[in-house]
S.K.: 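Here it is, the structure in full.
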2 protein chains.
Amino acid sequence: MDTLSLGTLGQHLQALRLERGWSLSQLAAAAGIAKSNLSRLEQGNGNPTLDTIWRLAVQLGVPFGTLVAPISVPLGEHGVEVRLIDQGKESPQVDAYWMRCAPHTLRHAEPHTPGARESLTLISGRLEAGPESDLSELRPGDSLTFAADRPHLYRTHDAWATLLLTIVYTDEGDAP
Amino acid sequence: MDTLSLGTLGQHLQALRLERGWSLSQLAAAAGIAKSNLSRLEQGNGNPTLDTIWRLAVQLGVPFGTLVAPISVPLGEHGVEVRLIDQGKESPQVDAYWMRCAPHTLRHAEPHTPGARESLTLISGRLEAGPESDLSELRPGDSLTFAADRPHLYRTHDAWATLLLTIVYTDEGDAP
DNA sequence: ATAGAACGTTCGTTAAAAGGAACGGTTGAA
DNA sequence: TTCAACCGTTCCTTTTAACGAACGTTCTAT
């Protein structure tokens, strides 16, 4: 079972704050919480209230789950963070993921079920991806769709990459 | 500024619990929290701790943000639920949204900035969408990209529609 | 050098979230 | 009918998150 890491939240909190060049006092004031509270949270102690997390997420402009969900490399590979966004229950089945790859990461993906297709849309950074024999270079805003029933990969170079990924599994029952 | 709705969380909690056919006592015991606590939360009172939310999300098997982020119709239209997933900070800027439309909903969208493009990927249901003069019918797994600097719309008929939506804003500084 | 302002931390107080034991209501079996 | 088991709610108590003030530090300006 997955367990809550209080320390990670603190690290994320501090990282996001520093990215924006804000002081702890500034962020606390903007969010309307006591700076002692924020200080404790960044140190990894404590167990913030939903209201507190919410106020911080709003100020930092992050979609909330980002603060708390450093979840976490389902296949045990380093440098890749994947989050399930939604899962269609209809036919054909569609899985939607948010994915983030650290610089200089190479991730090999096993073939999915026959006929499966993947679509990527790059949100930020750079990414090289696709079937192993036919890679494409993506820039922010670019999309790519390819057959995912063959080995394929994702590779970053100097930059992080953040993207949306959808996997469409073939609709076995509908074939004419 | 966006504000926290404590009541909505309670409704979601209860809905998810009932979907699984669990009693309040069962869920509370499984999550390791007092049932008085869960009862109060479902009633929409109180301000749960991160630990509490976490335990419930794990038991319910939902990606966490799902519990807390039923956010909510930025343009005040009925039947449309939109959630910001991620926002690129680079050039060109990319916004990624998750969106859900109730049956028999028609949503008109104002033109975005010149050159902006939208991409949709349908996760479940049916959706008719695109520029007003050139609509397309999408089925689960289908993707559609179109120029978003003209009026466009999203329309559902008998079914719900769940989709990913990305908006790519033109990179003004890069034009040759 | 010195006063001032801002930083992040620490500590005692206060407000409130979580726990635990009752309660009335409903169901089902003896 | 009665008893037992479970439901969800409502108290009261305990725990603790959030607050506010004070603290030592660092940096800048006078």
Side-chain angles (χ1 to χ4, degrees), chain A residues 1-70, chain B residues 1-62 64-71:
Chain A
M1 160 172 150
D2 230 343
T3 182
L4 191 155
S5 159
L6 29 80
T8 319
L9 171 69
Q11 294 168 17
H12 276 229
L13 222 43
Q14 192 171 52
L16 288 167
R17 174 171 67 82
L18 294 178
E19 276 176 19
R20 275 142 243 246
W22 295 348
S23 76
L24 188 150
S25 310
Q26 284 176 324
L27 175 57
I33 66 173
K35 63 178 180 175
S36 58
N37 189 10
L38 179 54
S39 172
R40 191 164 27 80
L41 291 180
E42 286 194 357
Q43 291 171 30
N45 309 323
N47 178 14
T49 288
L50 178 56
D51 178 73
T52 298
I53 309 172
W54 181 274
R55 288 163 177 266
L56 290 171
V58 168
Q59 285 303 317
L60 292 168
V62 297
F64 184 92
T66 305
L67 273 182
V68 192
Chain B
M1 158 173 148
D2 232 341
T3 181
L4 189 154
S5 159
L6 29 79
T8 320
L9 170 69
Q11 294 168 17
H12 276 230
L13 266 175
Q14 194 171 49
L16 288 167
R17 172 171 68 82
L18 295 178
E19 276 176 18
R20 288 159 180 72
W22 294 349
S23 75
L24 188 149
S25 309
Q26 283 177 323
L27 175 55
I33 66 174
K35 62 177 180 176
S36 58
N37 189 10
L38 178 55
S39 172
R40 193 160 23 81
L41 290 181
E42 286 194 357
Q43 292 171 31
N45 310 324
N47 177 14
T49 287
L50 178 56
D51 178 72
T52 297
I53 309 172
W54 183 273
R55 288 163 177 267
L56 290 171
V58 168
Q59 286 303 318
L60 293 168
V62 297
F64 184 92
T66 305
L67 273 183
V68 191
I71 327 176

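Letters go in sequence order (proteins before strands), and every chain restarts at 1.
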S.K.: Should A/Arg55 be listed as having a side-chain N or O under 4.0 Å from OP1 or OP2 of D/dA18?
M.R.: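 False: A/Arg55 side-chain N/O out of range (4.0 Å or more) of D/dA18 OP1/OP2.
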S.K.: I'd like to know if the side chain of B/Thr49 reaches the main chain of B/Thr52, judged simply by a donor and an acceptor atom lying under 3.5 Å from each other, with no hydrogens or angles considered.
M.R.: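 The answer is no, because no donor-acceptor pair under 3.5 Å joins these two groups.
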S.K.: Take the protein atom CG of A/Leu50 and the nucleotide atom C1' of C/dA18, then report the distance between them rounded to whole Å.
M.R.: 15 Å
S.K.: Checking side chain to side chain contact (heavy atoms under 4.5 Å, CB included) against B/Glu42, which of B/Arg17, B/Gln11, B/His12 comes through?
M.R.: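 Answer after filtering B/Arg17, B/Gln11, B/His12: B/Arg17.
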S.K.: Of the options D/dC19, C/dA18, D/dC7, whose atoms approach the side-chain atoms of A/Asn37 most closely?
M.R.: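 Looking only at side-chain atoms, A/Asn37 lies closest to D/dC19.
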S.K.: For A/Leu27 and C/dC7, what is the distance between atoms CG and C1' respectively, to the nearest whole Å?
M.R.: 14 Å
S.K.: Does B/Thr49 have a side-chain nitrogen or oxygen under 4.0 Å from the phosphate oxygens OP1 or OP2 of C/dA17?
M.R.: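 No, B/Thr49 has no side-chain N/O under 4.0 Å of OP1/OP2 on C/dA17.
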S.K.: In this structure, how many angstroms lie between the P atom of D/dA18 and the CG atom of A/Leu56, rounded?
M.R.: 10 Å
S.K.: C/dA22 P sits how many Å from B/Lys35 NZ, rounded?
M.R.: 13 Å
S.K.: Please report the interatomic distance CD1(B/Ile53) to CG(B/Leu41), rounded to the nearest 0.5 Å.
M.R.: 8.5 Å
S.K.: To check you understand the geometry: which heavy-atom pair defines the closest contact between A/Ala28 and A/Lys35, and what is its length?
M.R.: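 Between these two residues, the closest heavy atoms are CB-CA, 3.6 Å.
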S.K.: Quick one: which of C/dT9, D/dC7, D/dA18 gets closest to the side chain of B/Ser25?
M.R.: D/dC7
S.K.: Check whether any side-chain nitrogen or oxygen of A/Gln43 sits under 4.0 Å from OP1 or OP2 of C/dT10, and answer yes or no.
M.R.: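 So the side chain of A/Gln43 is within the cut-off, an N or O lying under 4.0 Å from OP1 or OP2 of C/dT10.
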S.K.: Counting heavy atoms from C-beta on, name the nucleotide in D/dC7, C/dG20, D/dA17 closest to the side chain of B/Gln26.
M.R.: D/dC7
S.K.: What about A/Ser39: does its side chain form a donor-acceptor pair under 3.5 Å with the base of C/dG8?
M.R.: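 Per atom types, no contact qualifies.
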S.K.: Atom CG of A/Leu41 to atom P of C/dG8: distance rounded to whole Å?
M.R.: 14 Å
S.K.: State whether the distance check finds a donor on one side and an acceptor on the other, under 3.5 Å, for side chain B/Arg40 versus base C/dA18.
M.R.: yes
S.K.: Across the strands shown, which category fits B/Ser36 at heavy-atom distances under 4.0 angstrom: base, sugar-phosphate, nothing?
M.R.: base
S.K.: How close or far is atom P of D/dC6 from atom CG of B/Leu38, stated in whole angstroms?
M.R.: 18 Å
S.K.: Closest-nucleotide mapping onto DNA chain C: is B/Ile33 or A/Leu18 further toward the 5' terminus? I mean the 5' end.
M.R.: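 By nearest-heavy-atom nucleotide position, the 5'-most residue is A/Leu18.
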S.K.: Roughly how far, to the nearest 0.5 Å, is CG of B/Leu16 from CH2 of B/Trp22?
M.R.: 10.0 Å
S.K.: Let me know the distance between CG of B/Asn45 and P of C/dA17, rounded to the nearest Å.
M.R.: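 Going from CG in B/Asn45 over to P in C/dA17 covers 9 Å.
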S.K.: Just how far, in rounded Å, is P of D/dT15 from CG of B/Asp51?
M.R.: 16 Å
S.K.: With the side chain of B/Leu24 defined as its heavy atoms from C-beta on, choose the nearest nucleotide among D/dG8, D/dA18, C/dG19.
M.R.: D/dG8
